[in-house]
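Encoded as structure tokens, the structure appears first; notes follow it.
This one's a predicted model, so the numbers in the text were calculated from it and none came from an experiment.
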2 protein chains.
Amino acid sequence: MPSKTETRRENLRQRLIELGEAVITEQGLPALKARSLAVEAGCSVGAIYNVFPDLHHLALAINGRTFKRLGEQVAGAVSALTDTPACERLVAMGLAYLDFASENTAAWTALFEIDMAVGEEIPHWYMAALEVLFDHIRRPVAELRPDLSPEDVEFLVRGLFSSVHGIVWLGLQKRISAVPRHEISRMITLILSEIGE
Amino acid sequence: MPSKTETRRENLRQRLIELGEAVITEQGLPALKARSLAVEAGCSVGAIYNVFPDLHHLALAINGRTFKRLGEQVAGAVSALTDTPACERLVAMGLAYLDFASENTAAWTALFEIDMAVGEEIPHWYMAALEVLFDHIRRPVAELRPDLSPEDVEFLVRGLFSSVHGIVWLGLQKRISAVPRHEISRMITLILSEIGE
DNA sequence: TCCTATATTGAACCTCGTTCAAATGGAGGC
DNA sequence: GCCTCCATTTGAACGAGGTTCAATATAGGA
């Protein structure tokens, strides 16, 4: 049975994650500030450090949620396409990734902006979340390129993910030089269509 | 004729760029600090703000140099390969990009870590430097894919650059989960070999 | 040489993340 | 119900960092 203290802490923890998520979603990772968070949560600054070792870990918890939403959205884009050619399924996932990133730019940016050097501990679920995405990509890739060894399929899977990520990342960077959405999707389509031709 | 003051300023400007470049090369962008820079340069903190509006602009100047070196290294990788097949030239450039990034990780990371939101002014030469790289990529791509419209060639050029960038970026991220160098180069080779097959 | 406009300086300001001595509050015993 | 003791919470204080600006020093001309 959780003690009064434990439930209070757990409530605060959840409240901080939700408030922090709103901040990151609306203003990005750099806007996550201990003092303003404390005001919003109606607690003291120190209270934050009672439930998280530091702000970095709060950000990680928030990124965990974002990763989950991202995975669901990409998975959702292919789950309905069982009889669709593999190449089109690949493109659909790439475009779903672009959709998520452009609809949740600040939160998605935070996924890769966070300083992984801190504490040298990359949460295992961070890599696990990526693996889930890779799983979805592997099937169509293996179908399209039966000539490749399993190792090369794996490299191609990771290479394709990184490629789409790179196109979206550089494409969404900065409004001023930002590439129009339809140009980004054309790049993704062109690159992914090269596979298995 | 430059006044005494002007030459002093110019000297300090150059000194700061060189000292800052060493800092970024060895310890990365976050290690660029006004106070320690002032000590190293033997000047006051305020003096930095006499020659640069803020540290952001000093970092931009340093990134300008890094971009130049990067461009030269990639260009150098293809300049000797005039009779080599287009596909191999593409791969050579991709691997040259990887070489530069892994030999100059901190400085190369700073190119994309810098906060472009500040002041909303992306220096024109930042984009110009990228265009130089694109120029090198365009020739082999146009050769390999004569079926594509000029617009699509352009999209493929930018898409391929972004792809290689994405593979290198995610591959070099963090020692712990860092991908071995030969795996990164295999991903690049696989992706680029898909073009024009 | 002296004088004034210009340039330089660095202490002080502000904003952060994080800490820790002091105040608070809960739980068990009487 | 009340008291005591220990865990919990608090928020002022610390240290680090970018940036500013009144005070100081220095050109450069008369």
Side-chain angles (χ1 to χ4, degrees), chain A residues 1-17 19-21 23-24 27-63 110 113-121, chain B residues 1-17 19-20 22-24 26-63 106 110 113-121:
Chain A
M1 160 178 59
S3 73
K4 220 171 194 174
T5 298
E6 276 168 42
T7 59
R8 198 157 9 109
R9 276 164 108 104
E10 190 49 35
N11 284 345
L12 179 60
R13 197 186 148 83
Q14 287 310 317
R15 196 143 31 99
L16 288 175
I17 291 179
L19 289 169
E21 190 171 28
V23 171
I24 288 185
Q27 307 165 253
L29 188 59
L32 196 73
K33 307 283 167 67
R35 283 168 180 78
S36 64
L37 217 50
V39 171
E40 288 183 69
C43 70
S44 68
V45 230
I48 297 171
Y49 294 85
N50 290 333
V51 289
F52 289 104
D54 49 35
L55 284 191
H56 176 73
H57 282 77
L58 169 56
L60 280 180
I62 294 166
N63 277 354
E113 234 178 6
I114 201 164
D115 189 4
M116 287 306 198
V118 174
E120 74 220 69
E121 37 144 349
Chain B
M1 160 178 60
S3 74
K4 222 170 193 176
T5 298
E6 276 167 43
T7 59
R8 195 154 15 104
R9 276 164 108 104
E10 190 48 35
N11 284 344
L12 179 60
R13 196 186 149 83
Q14 287 310 317
R15 195 142 33 98
L16 288 174
I17 290 179
L19 289 169
V23 171
I24 288 185
E26 287 154 29
Q27 306 165 255
L29 189 57
L32 196 72
K33 308 284 168 66
R35 283 171 180 76
S36 64
L37 216 51
V39 171
E40 288 184 69
C43 70
S44 67
V45 229
I48 297 171
Y49 293 86
N50 290 334
V51 289
F52 289 104
D54 50 37
L55 283 191
H56 176 72
H57 282 78
L58 169 57
L60 280 180
I62 294 166
N63 276 355
E113 234 178 7
I114 202 164
D115 188 4
M116 287 307 199
V118 173
E120 75 220 65
E121 36 145 349

Just by distance, do the side chain of A:D54 and the backbone of A:H57 share a donor-acceptor pair under 3.5 Å? yes
Do you know which two heavy atoms are closest between B:L12 and B:C43, and how far apart they sit? CD1-SG, 4.0 Å
Calculate the interatomic distance between B:L37 atom CG and D:dG17 atom C1'; express it in whole Å. 13 Å
How many whole angstroms separate atom CG of A:L16 from atom C1' of C:dG17? 15 Å
For the student: nearest non-hydrogen atoms of A:V23 and A:A31, plus distance: CG1-O, 3.5 Å
Side chain to side chain contact (heavy atoms under 4.5 Å, CB included) partner of A:V51, chosen from A:L16, A:L58, A:I17, A:N11: A:L16
What are the two closest non-hydrogen atoms of A:A110 and A:N63, and how far apart are they? O-ND2, 3.2 Å
Kindly point out which of C:dT8, C:dT18, D:dT9 is positioned nearest to the side chain of B:R9? C:dT8
Send over the distance from B:L58 CG to D:dG17 P, rounded to a whole Å. 16 Å
Shortest non-hydrogen separation from B:I48 to B:A34 and the atoms involved: CD1-O, 3.4 Å
Phosphate OP1/OP2 of C:dG25: any A:R8 side-chain N/O under 4.0 Å: no
Atom CG of B:D54 and atom C1' of D:dG18: how far apart are they, to the nearest Å? 9 Å
Does B:N50 have a side-chain nitrogen or oxygen under 4.0 Å from the phosphate oxygens OP1 or OP2 of C:dA7? no
Polar-atom pairs under 3.5 Å, protein N or O versus N or O of nucleotides 14-16 of chain C: list them with distances, or write none.
from, atom 1, to, atom 2, distance (Å)
C:dC16, OP1, A:K33, NZ, 3.1

For B:R9 against B:N50, the heavy-atom pair lying closest together: NH2-O, 3.1 Å
Show the nearest heavy-atom pair for residues A:I62 and A:E21, with the distance to one decimal. CD1-N, 3.6 Å
Of all of residues 38-49 of chain A, which get a heavy atom below 4.0 angstrom from DNA chain C, listed by number? A:V45, A:Y49
